[in-house]
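Following: one structure in structure tokens, then a few remarks.
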Amino acid sequence: MWVHLFYFHLLISIKGAYKLDRKEGGKIESTKRTGFFLFINNTVIFIVILFIVISTITSVLSTKLSSEYVGNILRKVQSTELYLNIIQSQNHYMTGKDVEVPKLPIMELTFELATNLKPYDIRSFLGNEIPGFFAYDTQFYVAGKGTDYTDIPFESVAPMEVLLKEREIAEEMLLADEKEEEPTPAPEKSMDETIVHIYQSHSWESYLPLLRGVSEPDDATSNNPEANVIAVGKMLKKELADKGIKANHDTRNVPKDLAARGWNYNHSYQYSRETVEAAMTFNSDVEYLIDIHRDALRKEKTTEVIDGKSYARLLFVVGTAHKGYEKNLEFAERIHNAIEKKYPGLSRGVIPKGKSTGNGLYNQDLSNRAILLEVGGVDNNLEEARNSIKAFADIYSEIVWEEREAGEF
């Protein structure tokens, strides 16, 4: 970007010098120039313009026109608007008298394609200049209550020694979340086959209130299945069973298995992919995939009080690095909208993430009903997580039953 600005500055300087030469002293000098001078002047201008055009085209073709980049831009344009604009440009009567066709932001789209700059997003002015900054170029597909770009989850690489470290558990927090409740009545309907597979690609993710003597978010890790996201997966399996939906729950210790292979954090999704494929091969009835995670944001961003009860807020992440991801995106949006209707403020929204902003795949190419579910943040406790899982299971089960009974999936 700065190189292009320099070229434009050089061009303006050349033309400016030429004009000053003609108007120096407040008088217009003779416009007679030797053919050689005119040739040199015009040649320099032509070369500069040609170099700008070639550099821009090369830059765009090499780094800008990836399917993800173009997709992010064209996602602003609704297909109906585009179609109506094309029709109206050829025949104004085909759209009808009372149909107001919105104007496409042609100049804005062209500018963004050529420069990768977004006038209303200051991050775009820095993203190509600061190393690593482009990793934060994530967009919300659906934003929940109070959610903005500062709430975007990011994936940090943790060394294996941290993931494998044993931490002292605050047992009193676990006991407080294991109190017996009133017996749940038998579900009105129940299915015979197991159609949901629950797993945790980052099984070590834990919550600070469950760990004694730990206060830093990066240290909120544990291999105790009662104190990490495996415990959340266990809750979800139970809640779905109460709704008549059978689920399989994978409780593997991912760091331990990674270390046994000589792998690290970066191989976690590769490893979980193997386990999911095996589960789907063993049980062909599996159609719904849920990968449970915990966000690294703090309590004020990941907690919501609804009717006097505290919840760990939910976030849906959808990978876009595969064909057909739109189905998962629509499914996640459907869940989000239903949650917001019944539990306003519980969902933080739906985030699509490609290769430039994360794993990009998240094993979601294995099913059209695959979601990555972030349950709360580092400061939430199991009681808040349980409240959220109950609400999620309430909505999720309704949607699953609707789809099953309608033969949609």
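With hydrogens and angles ignored, the 3.5 Å screen pairs a side-chain donor or acceptor of Asn228 with a backbone N or O of Asn224. In this structure a side-chain-to-backbone donor-acceptor pair under 3.5 Å is missing from Asn283 to Ala279. In this structure a side-chain-to-backbone donor-acceptor pair under 3.5 Å is present from Ser388 to Glu384. Counting only distance, with no hydrogens or angles, the side chain of Asn328 and the backbone of Gln364 share a donor-acceptor pair below 3.5 Å. For the pair Asp285 (side chain) and Ile195 (backbone), a donor-acceptor distance under 3.5 Å is absent. The closest donor-acceptor contact from the side chain of Glu374 to the backbone of Ile292 lies at 3.5 Å or more, if one exists at all. Panel note: side chain Asn223, backbone Leu163; a donor-acceptor pair is recorded below 3.5 Å. Remark: the backbone N or O of Asp192 is paired with a side-chain donor or acceptor of Lys246 at under 3.5 angstrom. Panel note: side chain Ser367, backbone Glu287; a donor-acceptor pair is recorded below 3.5 Å.
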Show your working on side chain to side chain contact (heavy atoms under 4.5 Å, CB included) between Glu304 and Lys309 and close with a plain yes or no.
-> CA-CA 8 Å; Glu304 183 71 18; Lys309 184 182 295 186; over 6 Å; no

Could you walk me through whether Leu208 and Arg298 pass the side chain to side chain contact (heavy atoms under 4.5 Å, CB included) check?
-> CA-CA 10 Å; Leu208 291 175; Arg298 305 311 298 259; 3.9 Å; yes

Dump the intermediate steps for side chain to side chain contact (heavy atoms under 4.5 Å, CB included) on Trp204 and Ser206, then the final yes or no.
-> CA-CA 6 Å; Trp204 59 81; Ser206 182; over 6 Å; no

Passes side chain to side chain contact (heavy atoms under 4.5 Å, CB included), Glu171 versus Glu226? Steps please.
-> CA-CA 10 Å; Glu171 298 290 341; Glu226 299 298 324; over 6 Å; no

Salt bridge (Lys or Arg N to Asp or Glu O under 4.0 Å) between Arg334 and Glu403, worked out | CA-CA 12 Å; Arg334 184 179 177 186; Glu403 292 190 339; 3.0 Å; yes

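Leu315 and Gly349 get closest at one heavy-atom pair: CD1-O, 3.3 Å. Here the closest heavy-atom approach between residue Val232 and residue Ala385 is recorded as CG2-CB, 4.3 Å. The two residues Gly244 and Trp401 have their closest heavy-atom pair at O-CZ2, 3.5 Å. Annotation for Pro187 and Ala241: closest pair CG-O, 4.1 Å, computed over non-hydrogen atoms. Heavy atoms only, all atoms of each residue included: Leu211 and Ala220 are closest at CD1-CA, 3.8 Å. For the residue pair Ala259 and Leu164, the shortest heavy atom distance occurs at CB-CD1, 3.9 Å.
Residues Leu366 and Leu289 meet the side-chain proximity criterion, which asks for heavy atoms closer than 4.5 Å. A heavy-atom distance below 4.5 Å is found between the side chains of Val350 and Leu329. Side-chain contact between Ile290 and Val196 is present, with at least one heavy-atom pair separated by less than 4.5 Å. Counting heavy atoms from C-beta outward, Val375 and Val229 have side chains that stay 4.5 Å or more apart. Proximity of His293 to Leu373: side-chain heavy atoms (C-beta onward) are nowhere separated by under 4.5 Å. Side-chain contact between Leu382 and Met235 is present, with heavy atoms from C-beta onward closer than 4.5 Å. Between Asn380 and Lys299 there is a side-chain heavy-atom pair separated by less than 4.5 Å. Contact of the Arg386 side chain with the Ile389 side chain is not registered, since no non-hydrogen atoms from C-beta on lie closer than 4.5 Å.
Salt bridge Asp365/Arg273: present, at least one basic N to carboxylate O contact under 4.0 Å. Electrostatic pairing of Asp295 and Lys301 does not count as a salt bridge here, judged by no charged N lying under 4.0 Å from a carboxylate O. Arg369 has no carboxylate O lying under 4.0 Å from a charged side-chain N of Glu330, or vice versa, which leaves the two without a salt bridge. A salt bridge between Glu205 and Arg294 is absent, with no side-chain N of the basic residue lying under 4.0 Å from a carboxylate O of the acidic one. Between Arg252 and Glu274 there is no salt bridge, since no side-chain nitrogen of the basic residue lies less than 4.0 Å from a carboxylate oxygen of the acidic one. Under 4.0 Å is where a charged nitrogen must lie from a carboxylate oxygen, and between Arg313 and Glu300 no such pair does.
Between Glu398 atom CD and Ile335 atom CD1 the span is 11.5 Å, to the nearest 0.5 Å. Separating the OG1 atom in Thr302 from the OH atom in Tyr207 is a distance of 9.0 Å, to the nearest 0.5 Å. Residue Tyr325 holds its OH atom at 15.0 Å from NZ of Lys353, rounded to the nearest 0.5 Å. One finds the CG atom of Leu174 at 11.0 Å from the CG atom of Asn381 (value rounded to the nearest 0.5 Å). To the nearest 0.5 Å, atom CG of residue Asn264 and atom CD of residue Glu161 are 10.5 Å apart. Note that CG of Asn248 is 7.0 Å distant from OG1 of Thr194, once rounded to the nearest 0.5 Å.
The 12-atom threshold is exceeded at NZ of Lys189, counting heavy atoms of other residues, nucleotides or ligands nearer than 6.0 Å. Open room surrounds NZ on Lys234; 12 or fewer heavy atoms of other groups in view lie less than 6.0 Å from it.
In the model, Thr303 has no side-chain atom that pairs as donor or acceptor with a side-chain atom of Asp379 under 3.5 Å. One side chain, Asn363 or Ser272, offers a donor N or O that lies under 3.5 Å from an acceptor on the other. Looking at Tyr271 and Asp257, their side chains do bring a donor and an acceptor atom within 3.5 Å of each other. With 3.5 Å as the limit, one finds a donor-acceptor pair spanning the side chains of Thr221 and Arg167. Looking only at atom types and distance, the side chain of Ser347 has no donor-acceptor partner in the side chain of Glu340 under 3.5 Å away.
Sorted by first then second residue, the ring pair (Phe, Tyr, Trp, His ring centres under 6.0 Å) pairs that include residues 232-263, not counting sequence neighbours, are Trp263-His267.
The aromatic rings of Tyr269 and Tyr362 lie perpendicular to each other, with more than 60° between the two planes, well past the 30° mark. Relative orientation of the Phe331 and Tyr288 rings is tilted, given thresholds of 30° and 60° on the angle between their planes.
Among residues two or more places apart in sequence or in another chain, the side chain to side chain contact (heavy atoms under 4.5 Å, CB included) test is passed with Lys243 by Asp394, Ser397. By the ring pair (Phe, Tyr, Trp, His ring centres under 6.0 Å) test, Phe316 pairs with no residue at all, sequence neighbours left out.
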